[in-house]
Amino acid sequence: MLKINNLSKSYGLKKAVNKISFEVNQGEIFGFLGPNGAGKTTTIKMIVGLLKPDEGKILINGFDNQINILDAKGQFCYVPDNPEVFEKITGYDYLQFICDVFKIPNKEREERINYYLEKLLLKNDINSYISGYSHGMKQKIVLIGSLIVNPKILIFDEPMVGLDPKAQHTVKELLAQHCSKGNSVFFSTHVLEVAEKVCDRVAIINNGEIIALGTLDEIRKSIGKDESLENIFLELTEK
Amino acid sequence: MTDFLTTFRFLLKQNLSFHYFFNRLKNDKKYRNMSIIIILVFLFCIPSYAVFIGLFRELFISFQTAHLGSLYLVMAIILSVFLIIFFSFFQIISYFYFSDDVKILTPMPIKPSHYLLSKFFVIYIWELLISMFTVLPFFIIYAVYENIYFYQWIMMIISFVLLPIIPLVVIAIITVVLMSLTNIFKSKDALRMASYILLFVSLVFFQYKIYDVLLTMPEDPEKQLEFGQNLVNNSTFFLEKFSAYYPITKFIEFAVSGSFFESLLSTSIFILLCIGFVYLLSIVLQSIFMKSYLKEQNNRTTKKKKIRTNKKTGVGNVGLSIAKIDFLTLLRVPIYAFNTLSVVILIPVLLIVFSNLMSGGNGEIEELLNLYKNNRDIFWLSVALILTIFSIMNPIASTTFSREGKTNWIMRSLPISAKDHIWGRLLTPLITQVVFMIVMLIIIIFTLAQKGSNISTDIVYGIITFLLAFISSLPLLFISIIIDLKRPMLKWENPQQPVKQNMNVLIAIVVGIIYGTLMYLLYTLLKQFLEIDLIIIIFFIVNISLAYFAYNILYSKFEKSLVVMD
Ligand SMILES: Nc1ncnc2c1ncn2[C@@H]1O[C@H](COP(=O)(O)OP(=O)(O)OP(=O)(O)O)[C@@H](O)[C@H]1O
Ligand SMILES: [Mg+2]
């Protein structure tokens, strides 16, 4: 579904991402973990076409995102770590815009929009300008904008930050639901419990390099200790 | 008192600081270029300003010969009151209720009445600056021609400085009281709309009045004098009434024409009166401002809860959908609307005003008309060129990506084809352009018709001019988008930055000037071998090909450029 090969990116002399490779399979929730400044956001930006890689290849559902740019973009929806949205339109206008872009038929729109608005409790504010939204509400409207599309793969950068516990719970549920339909999710996070609970597989990145990859059991086996993800994370990123 | 002074200094620095201005001038190249342009525009306006001053002087002489010099000052006072009513009402609402610094200042340990008073004085200083160019000339003309004494000069200047205070206080009190009783302006948008409409209506009205007077003006200079005196006599009744109901005029009369003691005394009373009014304002602000402010804020939050029940559907077409967001944002961010959309209203209004002011006596009109009839083709060709160049002066296209700022990730990561992107971004500037061109052409045609030109011929010329200007603006708009695609300004905090401090706007203007020069050269070259009809056809062909090339460059670079935009 998502295939990263030998991907690198430097900012000046600093190597933010250094020759990383991994793959996200169909129907899988993939967690991308790592300490601050590890290179998670940089990797995600390269995947969604906001940053040009120095080297390496990214295939999204088979489309190279540097050659078939438009086709590749058609496979995913992206939610950034800091979701700034057009301020002077209503949340509803924003969702309609996303539906227009992904050519979702009018009949289905209302249904899907209503479903997710109810799930994430945003119904009351949908007709006010986004400039009046709180941080969490902006996060929600962008999340809804990605979910209504029902893309092959959802790409989230820290989706849980800023959400209240109930919304976090709902998002976890929705992600599982998304995957059960044969789609995939790729997201970065600091919240290890979330990763532990929902992810089928994880990759841990540190200083731009992948230091662990696989299911939790596989990772546990490779370091030879049966510990919680938190301890594994701390141990691996310590070095 | 000290917190009043600190907030006042702070606000003043924000609003008009020369120190800040010169510092930027020294260190910021973009800013310097902008300032030079602004200064050039100002210089450009000086001649017409001089014409106005000349008119004021003539008027005074009419008054003087009728021995009604002091009534002339009443006119200046009326003008001042008028300006205050028009400008300060909206300024007070937006400074007091809609400005972000109130939000910052309210929780601070500063008395609301103190920072509001400092805001009030910032408005007052603006008012004073405006009066310097509009009201002060009246005073100076009066002083010079009446040959007043030195002490009268001093008292007159003091009175001039004090003049705006009392009406401003009254309006501020009315505003605050009104806002505390009802919520007249539910939002900034409503306020802005109302102020635009009012400004527009008043401009048109004034224009009409001036034109009316000028039309009835006889040609014979001697009769003109008589006419002026009649005008004076007709207005004395009104002016006397006004000065009776507005006693402040008396202070000024004494200040400029009384004996030393009369002048000193009346000015001192005037000063005390102003202090009293400001004190009154502070009391009013102290007692009811907070209530009205909270009410206003509250209204804004409750407004959010409204849910529209009617189901809308999307636009359907991606390009249109992009254009919709672009246009709504442009409309709803005041600074954008003012810098881009208002041009469509303001420039035509200026055109009307100037075309009427500039046309002198009837003999001149005939000459001008003959000149026009003999050079019709060149006239319309230049109109087309000017309209085209105006299209690139409008920063809509050259800031299309910059204006997105931090939200740029949305458009960049969505699967939107280059074609949809381009058309979506082209639509708003193009429509603005088309409306602007049509309005301008209609005004030109009507002005010409009014002066006795043949309207049906002019309409045909106007249509061809429109088509040519429309086609020629396309390549320029594409180039503007290319410029902003290549070097957008995405990191900004204040929406003013991407339109006001964006080098791309300036680059686009330079491109427009180069384009204009090239077109002019092409014209002078072709003129030597070809008929005008053929030249126009060649212009069409050249511009269509330019548009085609520019579009292709834009199209081929688009998707790759989006990736490396940051
Ligand atoms: N625009 C930039 N210019 C220079 N260096 C950058 C830039 N963006 C990121 N970096 C550097 O690249 C490295 C990786 O940053 P990145 O944002 O990918 O980290 P992250 O894993 O997302 O961290 P966090 O968990 O804090 O979000 C960091 O060392 C950072 O300093
Ligand atoms: Mg990050």
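Lettering of chains follows the sequences in order, A, B, ..., and the numbering in each one begins at 1. It should be emphasised that the depicted structure is a prediction, and the values quoted were computed from it without experimental measurement.
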Between B:L328, B:I416, B:T329, which has the largest tally of heavy atom pairs under 4.5 Å with chain A? B:I416
Is the shortest heavy-atom distance from the side chain of B:P415 to the side chain of A:V101 under 4.5 Å? yes
Evaluate whether atom NZ of B:K486 has more than 12 neighbouring non-hydrogen atoms of other residues, nucleotides or ligands under 6.0 angstrom away. yes
Could you tell me whether A:K181 atom NZ has more than 12 heavy atoms of other residues or ligands within 6.0 Å of it? yes
Check against side-chain contact (heavy atoms from CB on, under 4.5 Å), B:W409 and A:V48: CA-CA 9 Å; B:W409 64 272; A:V48 299; over 6 Å; no
Determine whether more than 12 heavy atoms belonging to other residues, nucleotides or ligands lie under 6.0 Å from atom CD of A:Q26. no
Is it true that, when you exclude A:K152 itself, more than 12 heavy atoms of the residues, nucleotides or ligands shown sit nearer than 6.0 Å to its NZ? no
Inspect the surroundings of NZ in A:K57 and state if more than 12 heavy atoms from other residues, nucleotides or ligands are less than 6.0 Å away. no
Return the OG to CG distance between B:S321 and A:D93, rounded to the nearest 0.5 Å. 9.0 Å
A:K88, NZ: over 12 other non-hydrogen atoms inside 6.0 angstrom: yes
Nearest-0.5 Å distance, CG of residue A:L50 to CE of residue B:M565: 10.5 Å
Report, as yes or no, whether the 6.0 Å neighbourhood of atom NZ on A:K40 holds more than 12 heavy atoms from other residues, nucleotides or ligands. yes
Toward chain B, the part of A:V149 with a non-hydrogen atom under 4.5 Å: neither
Pick from B:N408, B:D420, B:L562, B:I325: which one has the most heavy-atom pairs with chain A under 4.5 Å? B:I325
Honestly, the part of A:I155 sitting under 4.5 Å from a heavy atom of chain B is neither
Counting only non-hydrogen atoms closer than 4.5 Å, can you tell me which residues of residues 67-75 of chain A sit against chain B? A:I69, A:L70, A:K73, A:G74
Could you tell me if the side chain of A:Q66 sits less than 4.5 Å from the side chain of B:V563, heavy atoms only? no
Rounded at 0.5 Å granularity, tell me how far CZ in A:F86 sits from CE in B:M411. 4.0 Å
Taking the side chain as every heavy atom from C-beta outward, state whether B:R332 and A:Y129 have any pair of such atoms under 4.5 Å apart. yes
Looking at A:P80, A:C77, A:S131, which has the largest count of heavy-atom pairs under 4.5 Å with chain B? A:P80
Among B:I322, B:I410, B:V564, which has the most heavy-atom pairs under 4.5 Å with chain A? B:I410
